Amino acid sequence: MEMYIVLAVTIFMMAMFVWHKVPFGVTTMTCCIILAAAGITPLQNAFSGFGNKIVVLIAPMLALSAALTKTSLVARIGASMERMKGKNGIALILMFYLVGIIFAQLIPSTAVISIMVVFLMTLGNTGDVTAKRILLPLLGVLCAWKFRFPIGMGAATFATINGYYEGIIPDAQYALKLLDPFFFALPSMIVLGLYCVFFWKLMPKDESGVDKDALKESKKAAPLSKGQENFIYGVFAVVMLLMILNKWTGNMLYLAPGAGVLALLYAKIMKPEEVIRAMTVDMIWMIAGVLVVADALGSSGAGNAIGNLVLTILGENPSSMMVMFVFSAATIIMTTFLSNTATEAVLIPIAASICLAGNWDPRGAVLIVGIANMFALGFPSGSGEAAVAFAAGGYNPVRVLKFTVPYMLLAIITCALTAQFMYPLY
């Protein structure tokens, strides 16, 4: 009976993610309450996700990223772009892409695309290189490159993916390491980046321009002094160094971001309410809840049941390559219409359950989901940045299929081949 209840809760969570009429965090907290009420998860553990080391790592990283946006870094990069106004063709396009890639390692992509729309509006609406023709390819670059380097939120990627399946497969030999997501993503970063560089002309010509009114106006913070900015840069650099050197620093990997936030609070560069606002976003509530549901999937046997069911569908002794393609295609198709965070939260436990049932190495499959869920390019519901780009560009999803479909096909092929090369199932 426990297994059936956990399966029902998991299906409910997936359905609510697809419906998306309430915040994801509300959905996962409801799941925690149901599991506790049914006696499957002890009451003292029902909300233990908030104390999980993954949440302890990610929440303060969000606050550190928010602090970084208070500096003049964005303005200085914007000034560099102003000097590129006179350039044309490939040099100008590369400049936009490069700036987007730099921003995408440090601040949330929805903010990045909003900033880049303002920069793109310096382009005219006639000729080959127009704002509307470049905006969606720029989103494609951001999807391939955001949070890929092991700095900022990118340094937490491996821990986030681990958190989604360690309750199902607790074997330490199958846990991802800090640089695994970066090396896995590298081929897709290169392939999809080059595609956006050379095939942006597949975008239809349209002289209507982008719509700045589609952007949310943000309040301008009071400028920081030079000393305060340098303090933020210094704290950020030390935190990143401690995380990258986690082989020697041990638990400082998880404690360093929190210590960095405390340093900013002590220096009065960030206010407590700013930190709380940055650390209590819907994503944190969602992750905390999903971790509890994933643990229940593992302990109740429901995860194993899901794995055996999918194995039956795949057939006896499916090839490792075929399974990789199935996960790659399923993730990219799903994330096109469903939020990328929801796609990741749903599919990683399923991938781990299938690998557990097949006695396979799960790392390739979960890396596919953990990386490919970012490739939300084809439809505005896939992510916040996709919604902004489609709204600002006024794109009809059908009219841009000529550009988005090859992008998604390349993403499917690249992710599947990389997973098979790095971590074949058997």
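Below, each value reflects all heavy atoms present in this structure, side chains not excepted, and no hydrogens, waters or symmetry copies. These figures come from a predicted structure and were not determined experimentally.
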*Dump the intermediate steps for side chain to side chain contact (heavy atoms under 4.5 Å, CB included) on Thr336 and Met408, then the final yes or no.*
CA-CA 9 Å; Thr336 299; Met408 290 187 285; 3.3 Å; yes
_Would Met270 and Val261 count as a side chain to side chain contact (heavy atoms under 4.5 Å, CB included) here? Give the steps._
CA-CA 8 Å; Met270 290 195 80; Val261 172; 5.6 Å; no
_Is there a side chain to side chain contact (heavy atoms under 4.5 Å, CB included) between Leu242 and Val238? Walk through the geometry before answering._
CA-CA 6 Å; Leu242 289 172; Val238 171; 4.1 Å; yes
*Might you work through the side chain to side chain contact (heavy atoms under 4.5 Å, CB included) test for Ile40 and Val9, ending with a clear yes or no?*
CA-CA 11 Å; Ile40 296 169; Val9 168; over 6 Å; no
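Between the side chain of Tyr97 and the main chain of Cys196, a donor-acceptor pair closer than 3.5 Å is present. Under a 3.5 Å cut-off, the side chain of Thr414 and the backbone N or O of Ala411 do not form any donor-acceptor pair. When atom types are taken as modelled, the side chain of Arg148 and the backbone of Ala104 share no donor-acceptor pair closer than 3.5 angstrom. Listed for the Trp145 side chain is a donor-acceptor partner under 3.5 Å among the backbone atoms of Met189. In terms of modelled atom types and a separation under 3.5 Å, the side chain of Tyr395 and the main chain of Leu136 share a donor-acceptor contact. Formation of a donor-acceptor pair under 3.5 Å by the Tyr195 side chain with backbone atoms of Phe403 is found in this model. In this structure a side-chain-to-backbone donor-acceptor pair under 3.5 Å is missing from Thr335 to Thr331. A donor-acceptor pair under 3.5 Å is absent between the side-chain atoms of Glu344 and the main chain of Asn373, judged by distance alone.
Atom CD of residue Glu166 and atom CG of residue Asp171 lie 12.0 Å apart, to the nearest 0.5 angstrom. Atom NZ of Lys201 sits about 8.0 Å away from atom CD1 of Ile93, to the nearest 0.5 Å. Rounding to the nearest 0.5 Å gives a distance of 10.0 Å between OG1 of Thr130 and CG of Leu135. Between atom CZ of residue Arg399 and atom OG1 of residue Thr404 there is a gap of 12.5 Å, rounded to the nearest 0.5 Å. Note that OH of Tyr407 and CG of Leu139 are 7.5 Å apart. Values are rounded to the nearest 0.5 Å. Considering CG of Leu7 and OG of Ser300, their distance stands at 6.5 Å, rounded to 0.5 Å.
Side-chain contact between Leu347 and Thr343 is present, with at least one heavy-atom pair separated by less than 4.5 Å. Side-chain atoms of Val22 and Met16, non-hydrogen and from C-beta on, do get closer than 4.5 Å to each other. Residues Gln173 and Asp361 are not in side-chain contact: their nearest non-hydrogen atoms beyond the backbone lie 4.5 Å or more apart. When side chains are defined from C-beta on, Ile134 counts as touching Trp200, because their heavy atoms get closer than 4.5 Å. Looking only at side-chain heavy atoms (C-beta outward), Thr28 and Val293 stay at 4.5 Å or farther from each other. Considering only heavy atoms from C-beta on, Met334 comes within 4.5 Å of Val346 through its side chain. Using a 4.5 Å heavy-atom threshold, the side chains of Phe375 and Ser188 count as touching. In this structure, Asp180 and Tyr423 have side chains that are in contact, with non-hydrogen atoms separated by less than 4.5 Å.
Residues Leu192 and Ala144 approach most closely at CB-CB, 3.9 Å, considering heavy atoms. Of all heavy-atom pairs spanning Val55 and Gly49, the tightest one is CG2-O, 3.2 Å. When all heavy atoms of Val275 and Ala63 are compared, the closest pair comes out as CG1-CB, 4.3 Å. Considering every non-hydrogen atom in both Leu64 and Gly260, the closest pair reads CD2-C, 4.1 Å. Contact between Ser328 and Ile412 at its shortest, heavy atoms only, is OG-O, 2.8 Å. When every heavy atom of Phe327 is checked against every heavy atom of Ile354, the shortest pair comes out as CZ-CD1, 3.5 Å.
Ring geometry, Tyr426 versus Trp360: the interplanar angle falls from 30° to 60°, so the pair is classed tilted. Between Phe50 and Trp285, the ring planes lie perpendicular to each other; the angle is over 60°, past the 30° to 60° tilted range.
Few gaps surround OH on Tyr233; more than 12 heavy atoms of other groups in view lie less than 6.0 Å from it.
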